[in-house]
Trainee: 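Take this structure, written in structure tokens, and hold onto it; I'll ask about it next.
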Amino acid sequence: MAASRLQSSDIRAMKGAGSVVCLTAYDTPMAKRVDRHCDLVLVGDSLAMVVYGLETTRGVTLDIMIAHGQAVMRGTERACVVVDLPHGTYEDSPEHGVRSAKRVMEETGCQAVKLEGGEEMAETVRAIVDAGVPVLGHIGLLPQKAEHRGGFKIQGKDDAGAQQVYKDAAAIEAAGAFAIVIEGTVETVAREVTARSGVPMIGIGASPACDGQILVTQDMVGLFADFTPKFVKRYADAGKLIEDAVVAYAADVRDGSFPALEHCFGVPKSKD
Ligand code: KIV
């Protein structure tokens with residue numbers, strides 16, 4: 001029998017009780033591969049870049065996120081599935097965030113939503129949580145806002161920056177987030193936030209001291225090779241594996257060795 005699915009409250013309870021293992025997935029086959037090994041699977045808006053070939057994470061709509069959320073739900077039965085609220089779907093007002101979050105939950109059946117932002121988004125996080133939707137926070141480097149903050153800049157580099165990260169984490173925790181992703185932040189600052197916080201801090205380009213870690217699966221398995229950020233450890237070269245298969249297939253088609261009769265229908269079986 002399938003194990004029961006982890007909920008946001010189970011992830012919350014993992015603070016100080018071992019590492020929370022998280023990866024992204026955007027489709028059913030990948031979701032099936034990661035589900036048994038991960039506590040949390042994120043349908044991240046990084047799919048804009050690693051699946052749709054866009055230059056930033058800002059090009060995906062709520063409808064696109066919902067379609068991928070449904071695909072990932074079909075491929076998972078154990079992990080807590082979180083779907084990103086994309087750029088432009090929650091920033092106008094807390095009500096805007098609540099509307100989008102409820103749509104994602106109702107149309108995908110996922111366990112929680114994630115949104116980017118610190119102090120300035122605390123009221124929206126509170127409104128979404130009060131509406132009954134669990135929220136995963138996201139502080140530090142915020143890809144959706146990178147354009148307006150001078151690019152993908154590591155956060156917490158000076159005292160003012162570090163203080164802002166501490167304030168952001170405290171505000172999002174107080175607003176009711178069950179856990180918080182901390183991205184692209186100076187290691188000592190991420191370590192200190194993790195020590196101060198009462199909810200799991202999930203690091204990406206942050207610190208081994210975080211309560212859990214997340215990577216974009218495409219980066220981790222070598223499927224997205226346009227660039228590899230410093231914080232990614234590549235565990236496989238799936239891109240090369242696929243290309244090698246394509247090269248072999250193309251050669252077989254060109255020299256006539258594929259398809260063989262065994263791949264065809266209505267061919268009498270040979271006697272030997
Ligand atoms: O969209 C995403 O994949 C993310 C992770 C980088 C945390 O937000």
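Indexing begins at 1, ligand by ligand and atom by atom, following the structure's order. For this chain, numbers begin at 1 and follow the sequence in order.
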Trainee: What part of Asp84 sits under 4.0 Å from ligand 1 if we count only heavy atoms: the side chain, the backbone, both or neither?
Mentor: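 It is the side chain that gets close, since no backbone atom is under 4.0 Å.
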Trainee: For Val216, take its heavy atoms, then give the atoms of ligand 1 lying under 4.0 Å from any of them.
Mentor: 3 (O)
Trainee: Hey, is Thr57 touching ligand 1 through its side chain, its backbone, both or neither, going by heavy atoms under 4.0 Å?
Mentor: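 No part of Thr57 comes within reach of ligand 1.
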Trainee: At less than 4.0 angstrom from any non-hydrogen atom of His138, what atoms of ligand 1 do you find?
Mentor: 8 (O)
Trainee: Apply the side chain to side chain contact (heavy atoms under 4.5 Å, CB included) test between Ile202 and each candidate in Val21, Ile214, Ile182; give the one that qualifies.
Mentor: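 Result for side chain to side chain contact (heavy atoms under 4.5 Å, CB included) with Ile202: Ile214.
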Trainee: Just which atoms of ligand 1 are under 4.0 Å from any heavy atom in Thr24?
Mentor: 3 (O)
Trainee: Going by the atom numbers of ligand 1, which of them fall below 4.0 Å from some non-hydrogen atom of Gly44?
Mentor: 1 (O), 2 (C), 3 (O)
Trainee: Quick test of your reading of the model: are Arg103 and Asp63 salt-bridged, counting only N-O distances below 4.0 Å?
Mentor: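 Salt bridge present between Arg103 and Asp63.
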Trainee: With heavy atoms only and a cut-off of under 4.0 Å, state how Asp45 meets ligand 1: side chain, backbone, both or neither.
Mentor: both
Trainee: So among Val51, Thr89, Asp84, Leu47, which one has a side chain to side chain contact (heavy atoms under 4.5 Å, CB included) with Val60?
Mentor: Leu47
Trainee: Among Cys22, Ala25, Ser46, Gly203, which residue places a heavy atom closest to atom 1 (O) of ligand 1?
Mentor: Ser46
Trainee: Using atom types as modelled and distance alone, determine if a side-chain donor or acceptor of Gln213 lies under 3.5 Å from a backbone N or O of Ser207.
Mentor: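 Yes, because the side chain of Gln213 sits within donor-acceptor range (under 3.5 Å) of the backbone of Ser207.
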Trainee: If the threshold is 4.0 Å, N to carboxylate O, is there a salt bridge linking Glu95 and Arg99?
Mentor: no
Trainee: Among all protein heavy atoms in this structure, tell me which lies nearest to atom 8 (O) of ligand 1, with the distance rounded to 0.1 Å.
Mentor: Lys114 NZ, 2.9 Å
Trainee: With the side chain counted from C-beta on, respond yes when His138 and Ile180 share a heavy-atom pair under 4.5 Å apart, and no when they do not.
Mentor: no
Trainee: Of the protein's non-hydrogen atoms, which lies at the shortest distance from atom 7 (C) of ligand 1, and what is that distance?
Mentor: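 Among all protein heavy atoms, the one nearest atom 7 (C) of ligand 1 is Leu42 CD2, 3.8 Å.
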Trainee: Please state which protein non-hydrogen atom is closest to atom 6 (C) of ligand 1 and give its distance, to 0.1 Å?
Mentor: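 Answer for atom 6 (C) of ligand 1: Ile204 CD1, 3.6 Å.
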Trainee: In terms of side-chain geometry, is the basic nitrogen of Arg78 or Asp35 positioned less than 4.0 Å from the acidic oxygen of its partner?
Mentor: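 Asp35 and Arg78: not salt-bridged.
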Trainee: For His263 and Phe258, take the angle between the two ring planes, folded into 0 to 90°, and tell me which bin it lands in: parallel under 30, tilted 30 to 60, perpendicular over 60.
Mentor: tilted
